[in-house]
Amino acid sequence: MHTLTVLADGRVLAAGGTTGGSSFPSPALTSAELYDPATGTWTPTGAMADPRFGHSASLLPDGRVLVAGGEHPRSSRTSLSLTTAELYDPATGTWTTTAPMNDARWEHQSVLLNDGRVLVVGGLVSNAYATTVGLALCEVYDPAAGTWSAAGTMTAPRFAHQAVRLLDGSVLAIGGGQARLTDDATFDAYSLASTERYDPATDQWSADTGLPWGRSYHHAVLLPSGDCLVVAGTDDAELDAGFQNAVRYDPATREWTPTNGMITGRWAFGATALADGRVLAVGGTSRTGLACAVNGRDEFAMGAEVYTP
C-alpha cells in the first residue's frame, strides 16, 4: 500500500506503505527510496513527516511529487485517516509539508489535470475499530498557491476505484466499493458497476455508461488511441477471486466493449502503460478464503502479463 512515482529524470520514487504482519491497526512507514533503472539499484532518500499507507502520489509539472492522505495507527485499537499532504523535491531529496486536505481520506485516487492542478477523488475515512465509510467528496490542489479547495462531489461514494484523465481533459471514475448503507438504509456490499465523468470547466460530475458488472481493486489504463482499458479486479462483497475479464471504454461513444481477458485473474495488482502502447500487469491476489484450493491459504498471481491493444 505504498506509492510508486516515475520522476522526470526516469528514476522511481517509492514512498510510505505498510510492513510486517496482518495486525490491526497496520503499521505505517515514513521512509522513501529511489530506484535508478540505469544502475538497477535502490537508495534511501528523505523520510516523510507522517507515516502513511493507502495514500496518493502525483507528479507535478515542476517535477515535485505531491503525496496526500493515507492512514496510520491512531492507537492500539484504531486507525487514523489523514488530511496531511507533503511535497518531495527530487533535486534535494527532501520533503516539505503543504496545506492539508479538507477531508481525511485513504484508498482514494489522484489525477493530474491539464492545468497542472491535482484532483483527489473519493476514498475511505476510518471512524471506529475496523469501520470505514466511503466518500463521494473530491478536492483540488493548486501547486502555485499551495492550497486545497473543494471540488464537485461524485454521484456515489467510491473507494478502491480508478480515476483516469481522458484525452479531452475530463476525468472518468470507474467502479469501486461503496458505502455499506445506501440512502434508504438497506445493506449493499457489492462493488459498483457505475461510472461518472468530471468536467474541470464546470467542476461537475455526471453519470456515464456503466460497466458490464461491478468491480473493485481493478486497474484502468489510458491507451494511445484514447480508449480506456479496464482490467481484472474483484467484487468487494467477498474479495475471494480475481476477475480475468477486461473491457475498453470509447470516450467518443461512451460505450464499453469486451476485449481479451487475462490468463490469471487478479486484484490489487500493478499495471502500467509501456512506451510502445502495450500494458504490463504484474502480481496481485488471485484467490482468497473458500476460493482457494486450500482454505485460508491465499493464492497470489506471481506472473506478469502484457496486453497488446
Side-chain angles (χ1 to χ4, degrees), residues 1 3 53-58 68-71 81 101 103-111 118-127 130-139 151-166 170-183 186-198 205-222 228-249 251 254 256 265-271 281 284-285 288:
M1 302 190 76
T3 55
F53 62 83
H55 51 287
S56 63
S58 303
E71 188 160 84
S81 302
M101 293 186 292
D103 300 293
R105 66 185 77 220
W106 63 293
E107 286 276 31
H108 53 285
Q109 290 281 298
S110 66
V111 181
V118 176
L119 174 70
V120 169
V121 182
L124 288 170
V125 61
S126 297
N127 64 355
T131 301
T132 54
V133 176
L135 294 175
L137 301 174
C138 303
E139 48 192 298
T153 300
M154 290 187 292
T155 62
R158 48 185 92 227
F159 63 91
H161 54 298
Q162 289 285 279
V164 176
R165 186 186 69 189
L166 304 175
S170 64
V171 176
L172 184 68
I174 308 160
Q178 58 183 316
R180 290 295 183 261
L181 290 177
T182 62
D183 287 342
T186 57
F187 181 79
D188 189 347
Y190 297 99
S191 295
L192 295 165
S194 64
T195 71
E196 45 193 303
R197 206 153 152 176
Y198 176 75
W205 290 91
S206 57
D208 210 305
T209 310
L211 294 159
W213 54 82
R215 66 181 78 210
S216 300
Y217 300 101
H218 48 296
H219 256 289
V221 179
L222 192 67
C228 180
L229 174 72
V230 172
V231 59
T234 190
D235 195 286
D236 196 53
E238 293 291 342
L239 303 177
D240 54 357
F243 299 156
Q244 292 175 274
N245 64 80
V247 290
R248 287 176 65 156
Y249 173 80
R254 304 199 176 204
W256 294 94
R266 62 188 78 203
W267 59 277
F269 59 103
T285 300
T288 62

Of Thr234, Asn245, Asp236, which is the lone residue that meets side chain to side chain contact (heavy atoms under 4.5 Å, CB included) with Arg215? Asn245
Which heavy atom of [X] sits nearest a heavy atom of [Y], and at what distance?
X: Tyr190; Y: Asp235; answer: CD2-OD1, 3.4 Å
X: Ala163; Y: Val121; answer: CB-CG2, 4.3 Å
X: Gly134; Y: Phe159; answer: CA-CD2, 4.4 Å
X: Thr132; Y: Asn127; answer: N-OD1, 4.3 Å
X: Trp256; Y: Gly210; answer: CD1-O, 3.2 Å
X: Leu229; Y: Ala246; answer: CD1-CB, 4.2 Å

Within the structure provided, determine whether Tyr249 and Asp208 are in side-chain contact (heavy-atom separation under 4.5 Å). yes
Flag the pair His108 / Leu135 as yes when at least one side-chain heavy-atom distance between them is below 4.5 Å, and no otherwise. no
Would a distance-only check, ignoring hydrogens and angles, find a side-chain to backbone donor-acceptor pair under 3.5 Å from [X] to [Y]?
X: Glu196; Y: Trp205; value: no
X: Glu139; Y: Asp103; value: yes
X: Ser81; Y: Ser126; value: yes

Within this structure, what is the [atom1]-[atom2] distance for the pair [X] and [Y], rounded to the nearest 0.5 Å?
X: Thr209; Y: Arg197; atom1: OG1; atom2: CZ; result: 9.0 Å
X: His161; Y: Leu172; atom1: NE2; atom2: CG; result: 11.0 Å
X: Ser216; Y: Arg158; atom1: OG; atom2: CZ; result: 10.0 Å
X: Leu192; Y: Ile174; atom1: CG; atom2: CD1; result: 12.5 Å
X: Leu119; Y: Ser110; atom1: CG; atom2: OG; result: 8.5 Å
X: Gln109; Y: Ser58; atom1: CD; atom2: OG; result: 9.5 Å

Apply side chain to side chain contact (heavy atoms under 4.5 Å, CB included) to Leu222 and Leu166, showing your working. CA-CA 7 Å; Leu222 192 67; Leu166 304 175; 4.0 Å; yes
Looking only at the side chains, is there a donor atom on one of Arg105 and Ser56 sitting less than 3.5 Å from an acceptor on the other? no
His219 and ring-ring contact (aromatic ring centres under 6.0 Å, His included): which single residue from Phe243, Phe269, Trp267 fits? Phe269
